[in-house]
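A short worksheet on the structure shown next.
Heavy atoms only: backbone and side chains are in, while hydrogens, waters and symmetry mates are out. Convention: sequence-line order gives letters A, B, ...; per-chain numbering from 1.
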Number of protein chains: 2
Amino acid sequence: MKKGRVTITDIARELNIAPSTVSRALNNHPAIKKETKEAVKELAQQLDYQPNFLALSLLRKKSNTIGVVVPEITSHFFSAIITGIQDVIANSEYNIMICLTNESFEEEVVVIKKLLKMQVDGVLVSPASGTKEFDHFRALQKNGIPVVVFDRDCPGLEADKVLVDDYAGAFQAVEYLIKSGCKKIAHLGGPPNLSTTKHRLQGFLDALKSGNMSICEEHIAYVQGFSHEDGLEPAMTLLSSSNPPDAIFAMNDNIAISAMHVARKLGYNIPEDISIVGFDDEPHSSFFRPSLSTVWQPVYSLGMLSARIVLQRLKEDDVQRPFREEVFKPELVIRGSSR
Amino acid sequence: MKKGRVTITDIARELNIAPSTVSRALNNHPAIKKETKEAVKELAQQLDYQPNFLALSLLRKKSNTIGVVVPEITSHFFSAIITGIQDVIANSEYNIMICLTNESFEEEVVVIKKLLKMQVDGVLVSPASGTKEFDHFRALQKNGIPVVVFDRDCPGLEADKVLVDDYAGAFQAVEYLIKSGCKKIAHLGGPPNLSTTKHRLQGFLDALKSGNMSICEEHIAYVQGFSHEDGLEPAMTLLSSSNPPDAIFAMNDNIAISAMHVARKLGYNIPEDISIVGFDDEPHSSFFRPSLSTVWQPVYSLGMLSARIVLQRLKEDDVQRPFREEVFKPELVIRGSSR
DNA sequence: TTGTACGCGTTATCAC
DNA sequence: GTGATAACGCGTACAA
């Protein structure tokens with residue numbers, strides 16, 4: 001009973017039986033005398049015996065850990081997804097290990113290597129905005145580690161995927177802006193490489209086309225990142241031009257809020273002079289004045305489903321089921337920032 | 001070279017040497033022939049040998065993992081702290097395991113047990129709002145696991161602590177409100193048990209006292225949680241009473257924003273009729289109209305310092321240095337929601 | 001019904 | 001300089 005934790009050997013010695021018997025008793029092995037079993041269990045309880053997780057992991061070649069790789073967690077978007085993941089995993093035998101890439105491809109590669117070294121059993125990943133190659137993910141798969149991609153797609157990578165129909169969300173938002181009478185609709189897009197950026201842009205373009213509106217190149221701008229600050233300059237360029245738009249469909253709520261901020265500074269009335277629509281529906285977005293129209297995404301469900309898919313893969317083990325691709329439908333939420 | 005990962009035994013067999021020699025070569029043991037060393041390293045590289053983390057952990061009785069326990073991560077506050085922690089830990093030999101308690105004492109106990117079972121080497125924790133006893137944390141310490149408490153204090157628990165001077169922050173905010181001419185200052189406090197709630201309340205009370213203002217019980221209300229929704233009803237009660245306040249000092253930005261929302265609905269002009277000050281300085285707070293006056297906290301630094309302290313404890317090992325208690329100073333940020 | 005022996009992958013210790 | 005051996009804690013095939 002010294003410093004170290006109590007092991008089955010300690011219990012065995014105490015009871016004058018073999019460690020293996022203790023092991024069997026603890027694991028409810030059928031062929032074990034009721035009395036020994038009870039004696040063992042009682043002593044184990046009394047000594048507060050805890051099975052050694054590390055030893056079990058080594059023995060089973062299974063760390064019971066699932067890696068979760070995300071660009072960042074300070075936005076509500078990813079933190080809500082992670083909460084969904086966590087709530088599912090917490091009720092399983094697994095633990096999750098959250099890794100941040102800070103939107104950097106290089107850091108992502110490092111993190112994946114780390115997870116590989118740690119022998120995680122599965123990985124959930126939303127790639128960094130700079131990630132164009134996916135060989136690091138394939139390296140996981142080659143080692144038998146199932147990979148589930150969520151929110152941001154990895155084109156060409158064969159894996160389970162849980163995505164959002166960004167195209168439909170964007171299309172719906174822009175279609176609504178057209179119907180509400182906007183004639184010059186601009187788009188503040190995200191980092192160009194991202195699947196979400198591409199799909200939302202395409203939804204924007206197709207909605208314009210289907211509404212017989214002309215597409216004006218100068219009404220499309222891109223932001224460098226996803227924070228409020230990243231939206232200020234592009235919004236300013238857009239709104240202070242000689243041919244300003246009368247509506248903005250922004251990549252996300254932060255950017256939309258920056259645009260609102262800039263628009264007001266320039267003397268625009270919202271929504272009278274300009275309509276603004278965001279994407280994500282962050283909790284505080286409805287508290288702005290005017291409250292922000294936006295596209296809601298089922299973030300929590302997205303996290304939960306991603307986690308469930310990994311757990312199922314882990315259960316199947318060797319069975320080779322085809323990859324799943326689940327696509328959630330976002331929903332337009334009309335509030336005060338648009339006509 | 002079948003499914004399993006390549007081990008030092010594989011390399012040893014290939015080279016007709018002993019596994020222990022391979023181990024020494026890989027670890028740059030001084031007494032080892034240059035040629036064997038090079039041969040081993042080359043083959044290891046070629047075979048993409050990865051040391052087995054699990055085996056090492058078992059051998060060293062050290063998981064190289066640090067547990068991080070927080071109530072939630074959807075607020076910017078905790079997610080920014082975690083980002084700070086992660087940025088420090090990422091440059092060490094350790095990994096972090098983030099666990100959410102959802103502000104529940106019961107879940108917190110479960111999570112701590114899990115971390116104990118996983119044999120984490122250290123734990124960073126910010127207790128749930130319902131946590132009043134700390135025996136589960138003491139259980140960690142008894143097992144030789146250093147505990148660092150951050151942001152929310154655990155009174156009576158002997159441990160390293162990284163806190164914020166909530167009292168000073170609150171005092172400063174309320175003192176400012178008094179100086180700006182407010183006569184009836186209300187407080188929207190948090191869940192009563194939390195150290196942060198208590199200290200901010202005390203700062204509020206003492207500032208009133210030092211300003212020779214009377215303290216009006218009906219101008220103090222409490223919210224159940226920290227989201228926008230939690231602030232609506234208490235704010236409504238406060239503002240629709242027969243004796244409404246002309247200023248509100250709120251527990252955090254979310255609650256302050258709810259109060260602004262309610263105030264506007266009731267026809268108040270901000271800040272002419274009522275001043276509102278929050279706490280936290282969330283990134284979007286400056287984008288509200290009027291922009292929110294609030295108390296800024298050095299969240300990222302708080303996370304970094306907490307992580308550094310744990311790392312140092314882990315390095316010291318057996319040395320019994322006295323516990324540290326670091327207190328960060330918050331800063332009042334005056335913006336448009338106050339006179 | 002229970003004990004013995006072995007292996008999971010690695011390193012430290014003791015031989016040679 | 002290098003090889004054999006033990007040990008970390010556990011589960012299990014095999015033997016009794």
N/O donor-acceptor pairs under 3.5 Å from side chains in residues 16-27 of chain A, not counting sequence neighbours:
{"residue": "A:S20", "atom": "OG", "partner": "A:R24", "partner atom": "NH2", "Å": "3.4"}
{"residue": "A:N27", "atom": "ND2", "partner": "A:S23", "partner atom": "O", "Å": "2.8"}

Only pairs under 3.5 Å count here: list side-chain donor-acceptor contacts from residues 68-79 of chain A, not counting sequence neighbours, and write none if there are none.
{"residue": "A:E72", "atom": "OE1", "partner": "A:T74", "partner atom": "N", "Å": "2.8"}
{"residue": "A:E72", "atom": "OE1", "partner": "A:T74", "partner atom": "OG1", "Å": "3.2"}
{"residue": "A:E72", "atom": "OE1", "partner": "A:S75", "partner atom": "N", "Å": "2.9"}
{"residue": "A:E72", "atom": "OE2", "partner": "A:S75", "partner atom": "OG", "Å": "2.9"}
{"residue": "A:S75", "atom": "OG", "partner": "A:F78", "partner atom": "N", "Å": "3.4"}
{"residue": "A:S79", "atom": "OG", "partner": "A:S75", "partner atom": "O", "Å": "2.9"}
{"residue": "A:S79", "atom": "OG", "partner": "A:H76", "partner atom": "O", "Å": "3.2"}
{"residue": "A:S79", "atom": "OG", "partner": "B:I73", "partner atom": "O", "Å": "3.4"}

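Residue pairs that meet the salt bridge (charged side-chain N to carboxylate O under 4.0 Å, His left out) test with at least one member in residues 123-135 of chain A, sequence neighbours left out, are A:D135-A:R138. Residues in residues 132-155 of chain A take part in these ring-ring contact (aromatic ring centres under 6.0 Å, His included) pairs, two or more places apart or across chains: A:F105-A:H136. Judged as a side-chain hydrogen bond (donor to acceptor under 3.5 Å, both in side chains), the pairs with a partner in residues 144-159 of chain B (not counting sequence neighbours) are, in order, B:E103-B:R152, B:D153-B:K161. Each ring-ring contact (aromatic ring centres under 6.0 Å, His included) pair with one or both residues in residues 31-53 of chain B, not counting sequence neighbours, would appear here, but there are none. Applying the ring-ring contact (aromatic ring centres under 6.0 Å, His included) test to pairs two or more places apart or on separate chains, none has a residue in residues 13-38 of chain A.
When DNA chain C is scanned 5' to 3' for any atom under 4.0 Å from a heavy atom of chain A, the first and last hits are C:dT1 to C:dG9.
When the shell of 6.0 Å around CD of B:E42 is examined, it contains 12 or fewer heavy atoms from other residues, nucleotides or ligands. Taking a 6.0 Å sphere around CD of B:E93, one finds it holds more than 12 heavy atoms contributed by other residues, nucleotides or ligands.
Listed by chain and number, the residues in a side chain to side chain donor-acceptor pair (under 3.5 Å) with B:K33 amount to none (sequence neighbours excluded). When the salt bridge (charged side-chain N to carboxylate O under 4.0 Å, His left out) test is applied to B:R60, no partner is found at least two apart in sequence or on another chain.
When heavy atoms are screened at a 4.0 angstrom cut-off, A:I17 is found touching the sugar-phosphate backbone but no base atom. Across all strands shown, A:T36 has heavy atoms under 4.0 Å from sugar-phosphate atoms exclusively, and none from any base.
Whole-Å rounding puts the A:H29 NE2 to D:dA13 C1' distance at 11 Å. Here the P atom of nucleotide D:dC8 and the CG atom of A:D10 are 10 Å apart, to the nearest Å.
For the pair B:V22 and B:K61, nearest-nucleotide mapping onto DNA chain D gives the more 5' position to B:V22.
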Distances under 3.5 Å only, N/O to N/O: pair up the protein atoms with those of nucleotides 10-12 of chain D.
{"residue": "D:dC10", "atom": "OP1", "partner": "A:Y49", "partner atom": "OH", "Å": "2.6"}
{"residue": "D:dC10", "atom": "OP1", "partner": "A:N52", "partner atom": "N", "Å": "3.3"}
{"residue": "D:dC10", "atom": "OP2", "partner": "A:I8", "partner atom": "N", "Å": "2.8"}
{"residue": "D:dG11", "atom": "OP1", "partner": "A:N27", "partner atom": "ND2", "Å": "3.4"}
{"residue": "D:dG11", "atom": "OP2", "partner": "A:S23", "partner atom": "OG", "Å": "2.8"}

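At its two ends the helix from C:dT1-D:dA16 to C:dC16-D:dG1 runs along axes set 60° apart, each axis drawn from five pairs and the angle rounded to 10°.
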